[in-house]
Amino acid sequence: MKLDLSFYRRDDVLQIGKDLLGKYLFTKINGEITGGMIVETESYMGAVDKAAHSYGNRRTERTEVMYQPGGVSYVFLCYGIHSLFNVITNEKDIPEAVLIRAVKPTHGIDTILRRRNKTKLQRNVAGGPGMLSQALGIDRNHDGLNLTGDTVWIEDLDVKISENDILRSPRVGVDYAQEDADNPWRYRIKGSEWTSPAK
DNA sequence: TGGCTGATGCGA
DNA sequence: CGCATCAGCCAA
């Protein structure tokens, strides 16, 4: 069942980051449906998080979608190469987001392998935010899309992840964020071989 | 361990 | 405008 807006609009981006583990991210692009189970996320606490683009309620052309009500996508280009896919959460004007970092491919495997130019299904197909976007065909054309629509959406397929199955650790690549750099807001499914490499 | 790659956002 | 910066990936 597709997650509805009430899932995204809760006032707890850390909980949403954990709740997204075990959910399924789908895209339908040029008629091809691809998807996988979310195994790794990072939460960004908006205005009070120095690692977030929206720290201090900074508003720019790029961050504007973060101020929309929860339930839309936020896709931005990182290091000039990688499209990174995020989910916007909370109510209007509260710019919080969850970065989806890794999925286990489950639907449309042939298409995913073709997009990634791989022949074998393993971690390096979608185990990292840049690879994940490429695998599912996500680019900046998919910025600001409604996640209850039929291009990019997330489903609950009744996979239950308990608190004990969740690994917490500091987020990746946010050394510049000073006191927020160490917050353990990166979540992975314990024991999954599909997450980006452990540190 | 570096090189690649280019939009972004800041200051001049 | 210019220019430093960046929520990564891959080959070695």
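Note on naming: letters A, B, ... go to the chains in the order of the sequence lines (proteins, then strands), and numbering restarts at 1 for each one.
C/dA7 has A/Tyr44 stacked on its base ring, the centres lying under 5.5 angstrom apart and the planes within 30 degrees of parallel.
Here A/Arg116 lies in heavy-atom contact (under 4.0 Å) with sugar-phosphate atoms only. Contacts of A/Asn86 with the nucleic acid, taken as non-hydrogen atoms under 4.0 Å apart, include base atoms.
The closest side-chain donor-acceptor pair between A/His107 and A/Tyr24, if any, does not fall under 3.5 angstrom.
Side chain of A/Tyr79, nearest nucleotide from B/dA7, C/dA7, C/dC10: C/dA7. The listed nucleotides are C/dG8, B/dT8, C/dA7; the one nearest the side chain of A/Leu99 is C/dA7. Candidate nucleotides C/dA7, B/dG9, C/dC9 were compared by shortest atom distance to the side chain of A/Arg58, and B/dG9 ranks first. Side chain of A/Lys118, nearest nucleotide from C/dA7, C/dG8, C/dC10: C/dC10.
In terms of position along DNA chain C, the nucleotide closest to A/Val174 lies nearer the 5' end than the nucleotide closest to the other residue of the pair A/Gln134 and A/Val174. Mapping A/Arg140 and A/Ile81 onto DNA chain B by nearest heavy atom places A/Ile81 at the nucleotide closer to the 5' end.
The only option from A/Val174, A/Val13, A/Asp180 that meets the side chain to side chain contact (heavy atoms under 4.5 Å, CB included) definition with A/Asp49 turns out to be A/Asp180.
Straight-line distance from the CD atom of A/Glu42 to the P atom of C/dG8: 7 Å, rounded to whole Å. As rounded to whole Å, 17 Å separates atom P of C/dA7 from atom CE of A/Met131. Whole-Å rounding puts the A/Arg171 CZ to C/dG8 P distance at 11 Å. Nucleotide C/dC9 holds its P atom 7 Å from the CG atom of A/Leu84, rounded to whole Å. Per the geometry, CD belonging to A/Gln178 stands 11 Å off P belonging to C/dC6, to the nearest Å. As rounded to whole Å, 10 Å separates atom C1' of C/dT5 from atom CZ of A/Arg62. Per the geometry, OH belonging to A/Tyr176 stands 12 Å off P belonging to B/dG9, to the nearest Å. Distance A/Leu77 CG to C/dT5 P: 18 Å, rounded to the nearest Å.
Under 4.0 angstrom from either OP1 or OP2 of C/dG8 there lies at least one side-chain N or O belonging to A/Arg101. Remark: A/His53 is in phosphate contact with C/dA7, judged by side-chain N or O atoms under 4.0 Å from OP1 or OP2.
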* Asked: What's the verdict on side chain to side chain donor-acceptor pair (under 3.5 Å) for A/Thr195 and A/Arg186, showing C-alpha distance, side-chain angles and the deciding distance?
  -> CA-CA 11 Å; A/Thr195 68; A/Arg186 177 191 187 194; 5.9 Å; no

Could you go through A/Asp4 and A/Ser6, starting from their C-alpha distance and side-chain angles, then the distance that decides it, and tell me whether this counts as side chain to side chain donor-acceptor pair (under 3.5 Å)? CA-CA 6 Å; A/Asp4 61 29; A/Ser6 63; 2.6 Å; yes

**Asked** Is there a side chain to side chain donor-acceptor pair (under 3.5 Å) between A/Arg115 and A/Gln134 once you walk through the steps?
**Response** CA-CA 7 Å; A/Arg115 287 181 183 141; A/Gln134 190 183 7; over 6 Å; no

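For B/dT5, there is no paired nucleotide, since no Watson-Crick or G-U wobble pair has both relevant distances below 3.5 Å.
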